[in-house]
Amino acid sequence: MDPKNIVDKDASFFGQPGGLQTLFFTEMWERMSYYGMRALLVLFMTASLQEGGLALTVASATAIYGLYTGAVYFMGLPGGWIADRLLGGQRATWYGGIVIMLGHIVLAIPTEASFFIGMILVVLGTGLLKPNITAMVGQLYGPNDDRRDGGYTLYYMGINIGSIIGYIVTGYLQTNAGYHWGFGAAAVGMAFGLIQYRMTLPKLKGVGQEPPKPLSPVSAKRSWMVIWSLLIGLGVFTFLALTDVVIIDPTLIAGNVAIAFTVIFFAYYLSIFLFGKLTKSEMKRLGALFLVCIASTMFWAGFEQAGSSFNLFARDLTDRMVGGFEIPTTWFQSLNSIFLVALSPFFAALWINLSKRMINPSYGFKSALGLIIMATGFVVMFFASQAAASGLKVAPYWLVAVYFIHTVGELCLSPVALSAVSKLSPRRMAGQMMGVFVLTYSIGNVVAGLLAGGLDPNNPSAMPELYWTIFLFGVTGGGIVFVLALFTRKWEKLAEEDDHPGAIIDANEPVGKP
C-alpha cells in the first residue's frame, strides 16, 4: 500500500480509520435489532391468541411483512435527503437509532396497537439511520485511499455478525420466554449500539457532522414544517386505523403499494432519459443498468421469502428436533448470514481470477446468473413441500439447502448490482440512481409478501404448484436478462473514465445484508 494514498494516517481499527470502529459496531447492533425483530414478525402475527400472537391469516401477515420491509428501504430516500440538507449524517444516525430503539420498546408492550406503532417507528428510524451510516463509511477515506475496499469489507462483516446475533438471541427468547422478550432484546441491542456510538463519536473526526448541501434557514424551516405535518398526518391515520374508523385490507394495500413503487421507478427512470441531457454513451450505460435493476427486483421478490413463507415452513412443516433439542424457528434464517461470511472470500477470489484470465462477465450476465441460481432454490422447496403435503414434517436439511443456494445467488447478484449502479451512472446522477436502485429492494420485498400469502402451511397441498411457478418465473426472467445482456455488454464499456462515479462498493467485496 502506498502511504501517499492515505489521507488520514489514523489506522487504529485493524489498519482502518478509528471512525470505522464507531460505524462498525453501531451498524452491527442496529442490524442485530432489525433482523432479530424482523425474524419474529410473521411468526407473531400468525400465532394464535393462546400462543401470544395476533391470529392473523397468512395472507394478511405476509402482506404486512412485505409492506414493512419494502417501506424500510423506501424511507431511505427521504432519510438520505434529510441528512444531506438538514441534519448531517452524524445526527441523522443518532436520531434514527433513538427512534429505532423506541420502536422496539413499543413492540415489547404486549398489545396489538403497540405492535403496529412499534413497526412504524422502526421504519422511520431505519430510513433515517441506514443510508447515512453507510454513506459515512465512504467519507472516512480520501479519494485515493487504498484502504477503502478493506474498510467496506470489515463494515459488511459487522452487518452479517449483527444479523447472526439477532437471529440467535431473539429466536431463543421467543422460544423460551415469548415473542415480546424477543422484541425487547432488539431494543437492548439498539441501545448498545447507541451507547458505543456516542462514546466513540470523536473518532469520526467531523465526518458527517454537517449537511453537505444545507438549505437556507427559511427553506429549512419550511422543510421541517412539511416533515412534521406528514408525521402528524401519519399519526392521525394510524390512530384511525387502530380504532377501526378506517378499515385496512393489508393485501389490497400491498398490491397498490407495489404498483405505486413500480410506477415511481419507471417514471423516474424515464424522466432521466427525457430530461437528464444524457449523451448517447450515458443513455446506453443507463440502459444496461436498467437490466440489472429488473433482475434485482425479481431476485428480491424470491429471496425475501426467507422471512415469510420459509419462516412459516420452518415453524409448521419442518422437523426441528435434533436429539432432545428443538431448533428455534428463526435460527434457520441465520444460515444466510453464516453462508455469506463463509463464501464471500471464495467469490471475491473467483471474480479476480476470472479477470486475470481476461474473462470478465458483464453486470447483466452476473445478475442473470444470480437470479437463475436463486430460482433453483424453489425446486428444492417444490420437493420439500410435496413431502410436507403428504402429512409428514420434513427434515431440516431441505431449508439448509435452500438457504445455501439462495446465498450463492445473492453473492452473484447483490454486490455486482451495487457496483453496477456506482460505475454505470453518470457522476452527476450517482446519488439519484442509487436512490432509484433502492426502489428495486422495495418493490421486491412488497411482491415477496404478496407471493408468500399463497404459501399457507395450513394448506400444504397448494405449496408445490406455487413454488414451481416461482421457479419458472425466476428462470424465465433470468434467461431473458441473460439474452439481453449479450447486447448490453458493450454498452457498459462506452463511457469515458471520468464518467465513472467512483465505486464505493466493488463487485469483488463480500456482500452484507442490504
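Nothing fancy with the numbering, it's 1 onward along the sequence. Only this structure's heavy atoms are used, side chains among them; waters, hydrogens and symmetry mates stay out. Keep in mind the model is a prediction, meaning the values are calculated, not measured.
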Output yes when a side-chain donor or acceptor of [X] lies under 3.5 Å from a complementary backbone atom of [Y], and no otherwise.
X      : Y      : answer
Arg315 : Leu43  : yes
Ser60  : Thr57  : no
Gln174 : Trp181 : no
Asn311 : Ala39  : yes
Ser385 : Phe382 : yes
Trp300 : Asn445 : no
Thr476 : Phe473 : no
Ser390 : Ala387 : yes
Tyr95  : Gln90  : no
Ser367 : Leu413 : no

*Any chance you could lay out the ring-ring contact (aromatic ring centres under 6.0 Å, His included) test for His104 and Tyr34, step after step, and finish with the verdict?*
CA-CA 9 Å; His104 291 311; Tyr34 174 74; 8.3 Å; no
Check whether any side-chain heavy atom of [X] lies under 4.5 Å from a side-chain heavy atom of [Y], and answer yes or no.
X      : Y      : answer
Trp94  : Tyr197 : yes
Tyr68  : Val123 : yes
Phe325 : Met321 : no
Leu20  : Val137 : yes
Leu455 : Leu312 : no
Pro328 : Tyr167 : no
Leu23  : Met136 : yes
Phe265 : Cys293 : yes

Roughly how far apart are [X] [atom1] and [Y] [atom2], rounded to 0.5 Å?
X      : Y      : atom1 : atom2 : result
His406 : Leu399 : NE2   : CG    : 10.5 Å
Asp456 : Phe313 : CG    : CZ    : 13.0 Å
Ile133 : Arg31  : CD1   : CZ    : 9.5 Å
Glu27  : Lys130 : CD    : NZ    : 3.5 Å
Thr200 : Phe13  : OG1   : CZ    : 10.0 Å
Leu335 : Thr407 : CG    : OG1   : 8.0 Å

_Partner of Ser308 by side chain to side chain contact (heavy atoms under 4.5 Å, CB included), out of Thr62, Ile64, Leu41, Thr46_ = Thr62
*Could you check Leu107, Ile105, Thr170 and say which one makes a side chain to side chain contact (heavy atoms under 4.5 Å, CB included) with Phe183?*
Leu107
*Intermediate values then yes/no, side chain to side chain donor-acceptor pair (under 3.5 Å), Tyr65 and Arg38*: CA-CA 8 Å; Tyr65 174 85; Arg38 198 187 78 162; 3.3 Å; yes
Strictly by modelled atom types, are [X] and [Y] linked by a side-chain donor-acceptor pair under 3.5 Å?
X      : Y      : value
Asn336 : Glu410 : yes
Gln196 : Thr22  : no
Glu30  : Ser33  : no
Thr297 : Thr440 : no
Tyr35  : Ser337 : no
Ser461 : Asn459 : yes

*Tell me, with the steps shown, if Val169 and Met32 meet side-chain contact (heavy atoms from CB on, under 4.5 Å).*
CA-CA 9 Å; Val169 171; Met32 174 270 171; 4.3 Å; yes
_Derivation of the side chain to side chain donor-acceptor pair (under 3.5 Å) call for Thr330 and Gln333_ = CA-CA 6 Å; Thr330 62; Gln333 291 185 63; over 6 Å; no
*Under the ring-ring contact (aromatic ring centres under 6.0 Å, His included) rule, what do Phe74 and Phe261 come out as? Steps first, then yes or no, please.*
CA-CA 9 Å; Phe74 183 80; Phe261 283 172; 4.6 Å; yes
_Applying ring-ring contact (aromatic ring centres under 6.0 Å, His included) to Phe339 and Tyr403, what does each step give before you reach the verdict?_
CA-CA 8 Å; Phe339 287 142; Tyr403 280 115; 8.2 Å; no
_Working for side-chain contact (heavy atoms from CB on, under 4.5 Å), residues Val408 and Phe404_ = CA-CA 6 Å; Val408 173; Phe404 178 82; 4.0 Å; yes
_Assess the residue pair Met28 and Phe25 against the criterion (side-chain contact (heavy atoms from CB on, under 4.5 Å)); give the C-alpha distance rounded to whole Å, side-chain angles, the decisive distance to 0.1 Å, and a yes or no._
CA-CA 5 Å; Met28 185 190 80; Phe25 285 107; 4.0 Å; yes
Shortest non-hydrogen contact from [X] toward [Y]:
X      : Y      : result
Pro131 : Gly76  : CG-O, 3.6 Å
Pro457 : Val58  : CD-CG2, 4.0 Å
Ile373 : Cys412 : CD1-SG, 4.0 Å
Ile120 : Leu234 : CG2-CD2, 3.8 Å
Thr329 : Ala314 : CG2-CB, 3.8 Å
Ala448 : Glu304 : CB-CB, 3.8 Å

*Show your reasoning for whether side-chain contact (heavy atoms from CB on, under 4.5 Å) applies to Leu140 and Leu204.*
CA-CA 8 Å; Leu140 292 172; Leu204 291 178; 4.1 Å; yes
*Between Tyr441 and Tyr73, what is the ring plane arrangement, given parallel below 30°, perpendicular above 60°, and tilted in between?*
tilted
_Using ring centroids (six-membered ring only for Trp), state whether Phe471 and Phe378 fall under 6.0 Å._
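Phe378 vs Phe471: aromatic centres not under 6.0 Å.
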*Please confirm whether Phe44 and His180 have ring centers closer than 6.0 angstrom.*
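Ring centres of His180 and Phe44 closer than 6.0 Å.
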*For Phe482, look at atom CZ and say whether over 12 heavy atoms of other residues, nucleotides or ligands are found less than 6.0 Å away.*
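No, CZ of Phe482 has 12 or fewer neighbouring heavy atoms, counting only those of other groups under 6.0 Å.
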*asked:* With a sphere of 6.0 Å drawn around CD of Glu465, does it hold more than 12 non-hydrogen atoms of other residues, nucleotides or ligands?
replied: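 No, the 6.0 Å shell around CD holds no more than 12 heavy atoms from other groups.
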